[in-house]
Amino acid sequence: MKAPVSLMESARALPLFGDFDVVVVGGGPAGLAASVSAARQGARVLLVERYGFLGGMGTAGGVTNFAGLYGRRDGDMVQVVHGVVDDLLDRLESLGGLNAPQDGMNGRIRVRSYDVSAYKCAADQWLLAAGVKILFHAHASSVILSGRQIAALVLETKSGRCAVRARHVIDASGDADVAKFAGVPYEVGDGQGSGLFPTLMFRIGGVDPEPALAAVGPFQAINDWMAQVQQAQPGRYRFPREGAILRPQKDPREWRANVTQIRNAQGTAMDATDARQLSAGEIEGRRQIADFFAFLKNEIPGFANAHIVEIAPQVGIRESRRVRGHYQLSKQDILDSVVFEDSIGLNAWPLEIHAEGRIEWGFPHNTDLGVGRVYNDLPWRMLVPLGVDNLLVAGRCASMTHEGQSAARVSGACFVMGQAAGTAAAMMREGQAFEHINVTQLQARLIRDGAVLA
């Protein structure tokens with residue numbers, strides 16, 4: 001007898017967890033900024049997070065730095081993403097967990113690295129101070145629709161399945177989970193069966209700082225070592241990609257490694273929405289880490305007595321679903337440093353396409369001119385999905401093309417999108433469609449709260 005391909009689940013009543021003005025799904029940069037912004041406007045906010053800590057890919061994915069906060073204006077590298085994120089940076093600083101800015105790519109980019117544990121603590125404090133209610137160990141599993149409105153979210157929790165009602169919902173899940181459940185159209189990856197390749201991050205302790213900094217302190221130096229070793233010892237080591245990143249943390253005895261690249265069985269980018277591929281990818285990532293760590297210990301000065309401090313709790317996902325909204329941020333928008341009338345803030349990160357075996361960078365056309373702004377606006381319309389009136393989508397799953405998303409997926413742009421989404425959700429009346437918001441009023445509130453829109 002052939003086994004059935006599916007089973008029917010019996011209907012059951014769901015306990016109501018609560019009623020809120022705004023429910024945010026996902027506790028990464030977009031979800032954090034959205035929750036704090038909505039709560040500061042007086043909204044009753046619930047943040048739903050699948051892990052037992054906040055930070056998204058910045059903690060669960062082991063990213064350990066904020067990218068996209070800084071951009072070039074008239075030749076000077078300055079912080080261009082401001083607003084609620086400034087409070088988070090201050091909290092990290094007060095915990096001793098924030099590093100000084102670090103430049104790379106010949107001064108074309110600037111990041112700020114942080115201590116992961118400090119980020120987790122600072123994020124807790126930040127949200128609780130704003131009055132946000134946090135539900136950990138929970139994720140959205142479906143929605144209950146009423147016409148073009150989400151009437152309730154269905155959550156899976158350690159206490160069982162439950163429902164939560166909200167006037168407005170913000171999908172900051174990274175994978176557009178809520179939007180998918182609500183029937184919003186979306187795209188996956190590059191549209192050709194692949195996408196931005198994921199990476200499993202890890203941190204290394206016990207490094208001897210002086211020889212390590214001398215050998216691989218410059219941004220791209222580890223890649224020169226990889227090339228030299230492959231030439232001298234062909235076949236001894238397998239490197240999953242070019243463009244490896246090995247950087248010191250605040251304490252130079254500890255380094256972070258961004259060196260792996262996860263493929264599926266077909267050789268294309270692992271699909272983060274496929275549980276089987278995601279499971280296999282975690283195993284493959286750890287195999288690659290073991291190989292690369294052996295190379296570090298054997299070949300790189302300062303790493304002979306090092307040890308792995310932590311492998312990130314999950315594979316770092318760069319791209320999965322991207323919703324279709326009222327505007328799709330594009331590759332050309334990044335390259336042309338585009339200005340939008342409905343700007344909600346700025347993206348200062350270039351195109352960063354993690355293709356098979358390599359990273360392809362694409363900088364705005366005016367990068368090296370030394371005049372003007374080398375960053376683009378983010379338009380309000382990219383947060384407004386098609387088909388559902390009381391839903392916003394913020395973060396890497398917002399409305400962008402594959403190439404545009406390679407730039408605006410980073411934390412700086414996600415903080416911008418989150419602050420705009422949370423502010424808008426607190427402004428709107430129940431039943432009012434987000435596409436009809438007064439953008440001028442929204443922009444005025446964002447500026448009042450410290451955001452930079454141009």
Side-chain angles (χ1 to χ4, degrees), residues 61-65 67-68 99 101-113 196-249 252-263 267 269-270 284-304 306 308-309 311-312 315-316 318 349-363 367-368 406-407 409-410:
V63 174
T64 73
N65 70 68
N99 210 342
Q102 297 172 303
D103 289 344
M105 305 289 289
N106 295 318
R108 289 181 163 193
I109 61 172
R110 176 173 291 177
V111 300
R112 292 203 75 174
S113 59
L196 300 181
F197 281 75
T199 291
L200 185 59
M201 301 281 289
F202 67 108
R203 290 186 294 125
I204 304 152
V207 177
D208 188 349
E210 188 172 343
L213 289 167
V216 289
F219 189 76
Q220 293 290 344
I222 187 62
N223 293 280
D224 295 334
W225 280 89
M226 290 161 57
Q228 292 168 17
V229 168
Q230 282 184 313
Q231 185 175 10
Q233 306 175 54
R236 182 175 181 185
Y237 301 104
R238 292 182 297 165
F239 300 125
R241 74 172 209 231
E242 300 172 357
I245 300 170
L246 184 71
R247 303 300 298 153
Q249 297 293 93
R253 293 171 299 178
E254 183 174 297
W255 291 56
R256 68 179 178 91
N258 177 348
V259 301
T260 67
Q261 187 177 88
I262 314 300
R263 298 163 176 78
M270 184 198 79
E284 170 60 15
R286 288 189 284 271
R287 184 199 66 75
Q288 292 181 16
I289 285 171
D291 284 354
F292 198 90
F293 185 61
F295 157 71
L296 290 178
K297 287 180 70 71
N298 293 337
E299 309 294 344
I300 306 301
F303 286 82
I308 295 176
V309 173
I311 296 175
V315 167
R318 294 184 172 91
W349 200 249
L351 301 174
E352 185 191 346
I353 298 176
H354 285 250
E356 184 177 357
R358 66 194 187 280
I359 305 174
E360 299 173 355
W361 294 87
F363 289 86
T367 297
D368 299 317
S406 76
R409 63 182 170 79
V410 300

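No side-chain donor-acceptor contact under 3.5 Å links Ser406 and Arg318.
Considering every non-hydrogen atom in both Gln102 and Pro248, the closest pair reads NE2-O, 3.5 Å. When every heavy atom of Gly362 is checked against every heavy atom of Pro350, the shortest pair comes out as O-CB, 3.3 Å. Taking all atoms of both residues into account, the shortest heavy-atom contact from Pro198 to Ala269 is CD-CB, 4.4 Å. Nearest approach of Gly302 to Pro211, heavy atoms of both residues: CA-CG, 3.9 Å. Pairing each heavy atom of Pro101 with each of Arg110, the nearest pair is CB-CD, 3.4 Å. Of all the heavy atoms in Glu360 and Ala355, the pair that sits closest is OE2-CB, 4.0 Å.
In this structure, the side chain of Glu242 does not engage the main chain of Arg358 through any donor-acceptor pair within 3.5 Å. Side chain of Asn223 to backbone of Gly243: a donor-acceptor contact under 3.5 angstrom is found. Side-chain atoms of Arg247 come within 3.5 Å of backbone atoms of Gly217 as a donor-acceptor pair (strictly under, hydrogens ignored).
Put simply, the side chain of Met226 reaches to within 4.5 Å of the side chain of Phe292, judged on heavy atoms. The shortest distance between side-chain heavy atoms of Tyr237 and Asp291 does not fall below 4.5 Å. Side-chain contact between Trp361 and Arg108: absent, with no pair of heavy atoms (C-beta onward) separated by less than 4.5 Å. With a 4.5 Å cut-off on side-chain heavy atoms, Leu296 and Trp225 do not count as touching.
Arg253 CZ: 12 or fewer foreign heavy atoms inside a 6.0 Å radius.
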Practice problem: Output, in order, the C-alpha distance, side-chain angles, deciding distance and verdict of side chain to side chain contact (heavy atoms under 4.5 Å, CB included) for Trp255 and Thr64. | Solution: CA-CA 10 Å; Trp255 291 56; Thr64 73; over 6 Å; no
Self-check item: Worked verdict on Leu196 versus Ile353 for side chain to side chain contact (heavy atoms under 4.5 Å, CB included)
Solution: CA-CA 6 Å; Leu196 300 181; Ile353 298 176; 3.9 Å; yes
Quiz item: Given Glu284 and Arg263, is the side chain to side chain contact (heavy atoms under 4.5 Å, CB included) satisfied, shown in steps?
Solution: CA-CA 8 Å; Glu284 170 60 15; Arg263 298 163 176 78; over 6 Å; no
Self-check item: Stepwise side chain to side chain donor-acceptor pair (under 3.5 Å) test for Arg286 and Thr260
Solution: CA-CA 9 Å; Arg286 288 189 284 271; Thr260 67; over 6 Å; no
Exercise. Mind running side chain to side chain contact (heavy atoms under 4.5 Å, CB included) on Val259 and Phe295 for me, showing each step along the way?
Key: CA-CA 12 Å; Val259 301; Phe295 157 71; over 6 Å; no
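Summarising the geometry, atom CD belonging to Glu299 is positioned 5.0 Å from atom CZ belonging to Arg236; distances are rounded to the nearest 0.5 Å. Here the straight-line distance linking atom CD1 of Ile308 with atom CZ of Phe293 works out to 5.0 Å at 0.5 Å rounding. To the nearest 0.5 Å, atom CZ of residue Arg238 and atom CD of residue Gln288 are 8.5 Å apart. Within the model, atoms CZ of Arg287 and CG of Leu200 stand 12.0 Å from one another, a figure rounded to the nearest 0.5 Å. Glu254 CD to Ile204 CD1: the interatomic distance, rounded to the nearest 0.5 Å, is 9.0 Å. Here CZ of Arg203 is found 11.5 Å from CD1 of Ile311. Values are rounded to the nearest 0.5 Å.
A cation-pi arrangement is absent between Arg241 and Phe197, since the terminal nitrogen or guanidinium carbon is not both under 6.0 Å from the aromatic centre and inside a 45° cone about the axis.
Residues satisfying the side-chain hydrogen bond (donor to acceptor under 3.5 Å, both in side chains) test with Asn99, not counting sequence neighbours, are Ser113.
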